[in-house]
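One-based numbering, in listed order, for ligands and for the atoms of each. Along the sequence shown, the residues carry numbers beginning at 1. Note that the structure is predicted; figures quoted are calculated from it, not measured.
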Amino acid sequence: MIETSTFWHQILDKGVQSLVKSLSDQEIIEMTEHYGTHNYHPAMVNVRAGQGVEVWDGNGKRYLDCIGVYSAMAHGHRNEAILNAVREQLDVLTVASRAVYTSEVALFLKGLAEYCHLDMVCPMNSGAEANETCIKLARKWAYTVKGVPDDQAEIIVCQDNFHGRTTTIIGFSTEKQYRDKFGPYGPGFKVIPFNDLEALEAAITPNTAAFFAEPIQAEGGIIIPEPGYMEKVRKLCTEKNVLLIWDEVQTGFCRTGKRMGWEHEDAKPDLLAVGKPLGGGIMPVSAAVGRKEVMDVFEFGDHGSTFGGNPLGAVVALTAMAQMEVEDFAGQAERKGSRMMKQIADLNLPEVKELRGRGLLLGIEVHEGVDAKKLGHLFLENGIITKQTRHRTFRMTPPIVITDSQIDEAVDKIKQTFSQL
Ligand SMILES: Cc1ncc(COP(=O)(O)O)c(C=O)c1O
């Protein structure tokens, strides 16, 4: 273990990597568990380096990163174009806050609005913040544009939603663990079943500000709504003068085989929450993006974030979007996702109850009675990093830059893992 007296000196004189190299994986795991809160249950691997889809632990063992930072790692670890953009920017300007104008942030706002086919952007850092921003925008729009009486605005959300872990958001989660012992919860949300248009119609009142949902419930177990659902939701929201907010933090930026998940149908939102891959696998960058009429309700001082909209993040996001666009990440995700899905399906694994997915957002749900914990350990032993969501669904959300041979290798490892159960 490191002496506290030399800790700071070593960092300053020799760099953090000198310390990293001096510690074993076991020491790192112990340090994390000792000093960190236990709100995560990481796989027993200390990731020391990454390149593309591959990561390595301190002993040089190689893994395929099939969780891909919970879908955030679309471009692959240490993507060269993004690293080069960062290097160039580090020599110019990094963080400047919204107290001033910067060229990089201006270009980012334009680029993201156009990428999303919407008008304006409110930059944030995390996905949860992007969603909080959408909630605030929708409420203020309801009071100032729609004419809902003060403090009466309602937002309709779905069962098994996942929009982040802030106090407001967990208040309308239906997952017991996210809610229990964190109340009291904020009012103003109505929960209806996902993929149920009649329930939505019945829940709408004159005070409804918005319907807020994910195009595919990713954390909820990769749940894909029936064809036509998103489009009908869009029509209904327009008819009833209710805003449609898609949370595309996980489905956005090509993961599902389109730029945005809503683009599989004619279901353009009024507000969109984006994050994860917007940060190019380098840093947190998120945003609420929307129609001018809604975004314009924010006035000076209504909302903000010290780091939300900083030049370095802006450059990372611009380069990330440029690469997704020029290298057709959407087409890549579509083609590679089909390849991976077909190959896993062809394994005919008896333990698998259902294989679900769209693009490179895949979930392997195992039957009740299959030892999911053991399966997780075996995946790791065989060099695959993945995690279950909702207990029984193992996600396969590797970086979109995964190669065909890496897909084949991952499928071989999946086969081997199930055979060892
Ligand atoms: C759909 C969705 N919304 C919001 C979030 C929260 O994002 P963050 O962890 O960046 O706050 C996630 C994270 O998994 C997500 O999948």
Side-chain angles (χ1 to χ4, degrees), residues 37 39-42 65-74 116 122-136 138 155 157-175 177-179 182 189 191 194-195 210-225 230 244-256 258 260-262 269 271-289 305 307-308 313 316-317 320 356-363 386-390 393-398:
T37 54
N39 51 326
Y40 275 90
H41 185 48
D65 183 2
C66 285
I67 187 163
V69 193
Y70 297 100
S71 301
M73 186 55 80
C116 298
C122 182
M124 289 283 130
N125 310 283
S126 68
E129 281 174 296
N131 284 327
E132 288 276 352
T133 306
C134 289
I135 292 169
K136 284 177 71 175
I155 294 180
V157 297
C158 291
Q159 274 164 17
D160 293 323
N161 67 69
F162 186 80
H163 299 293
R165 316 277 183 110
T166 61
T167 45
T168 298
I169 288 171
I170 56 103
F172 58 83
S173 170
T174 54
E175 181 73 7
Q177 208 218 328
Y178 298 160
R179 285 171 60 87
F182 296 116
F189 297 95
V191 183
F194 183 58
N195 193 20
F211 174 59
F212 175 35
E214 302 147 87
I216 293 175
Q217 290 191 321
E219 297 301 305
I222 324 278
I223 309 298
I224 303 172
M230 288 193 289
L244 172 58
I245 311 173
W246 290 128
D247 174 354
E248 295 257 17
V249 170
Q250 184 143 181
T251 48
F253 297 111
C254 309
R255 176 63 48 190
T256 69
K258 298 269 184 203
M260 294 291 151
W262 67 261
L271 283 173
L272 185 68
V274 290
K276 292 195 192 259
L278 188 56
I282 305 265
M283 60 191 295
V285 182
S286 76
V289 191
S305 156
F307 291 99
V316 164
R356 294 184 290 272
R358 184 168 272 175
L360 268 176
L361 182 65
L362 303 181
T386 177
K387 288 227 99 183
Q388 308 100 290
T389 177
R390 301 293 152 102
T393 302
F394 286 85
R395 45 177 127 215
M396 290 292 154
T397 52

Tell me every residue that passes side chain to side chain contact (heavy atoms under 4.5 Å, CB included) with Ile223, counting only those two or more places apart in sequence or in another chain.
Phe194, Gln217, Arg356

Among residues at least two apart in sequence or on other chains, which ones pass side chain to side chain contact (heavy atoms under 4.5 Å, CB included) with Ser173?
Asn161, Glu175, Tyr178, Arg179

Side chains of Gln159 and Thr174: donor-acceptor distance under 3.5 Å anywhere?
no

Any donor-acceptor pair under 3.5 Å from Glu214 side chain to Thr251 backbone
no

If I take atom CD1 from residue Ile169 and atom CG from residue Asn131, how far apart are they, to the nearest 0.5 angstrom?
5.0 Å

Give the residues near ligand 1 by chain and number, with the criterion being a heavy-atom distance under 4.0 Å.
Ser126, Gly127, Ala128, Asn131, Phe162, His163, Gly164, Glu214, Glu219, Asp247, Val249, Gln250, Lys276

Show me, pair by pair, the donor-acceptor contacts under 3.5 angstrom made by side chains of residues 276-289, not counting sequence neighbours?
residue, atom, partner, partner atom, Å
Lys276, NZ, Tyr70, O, 3.1
Ser286, OG, Asn125, N, 3.1
Ser286, OG, Ser126, N, 3.3
Ser286, OG, Ser126, O, 2.6

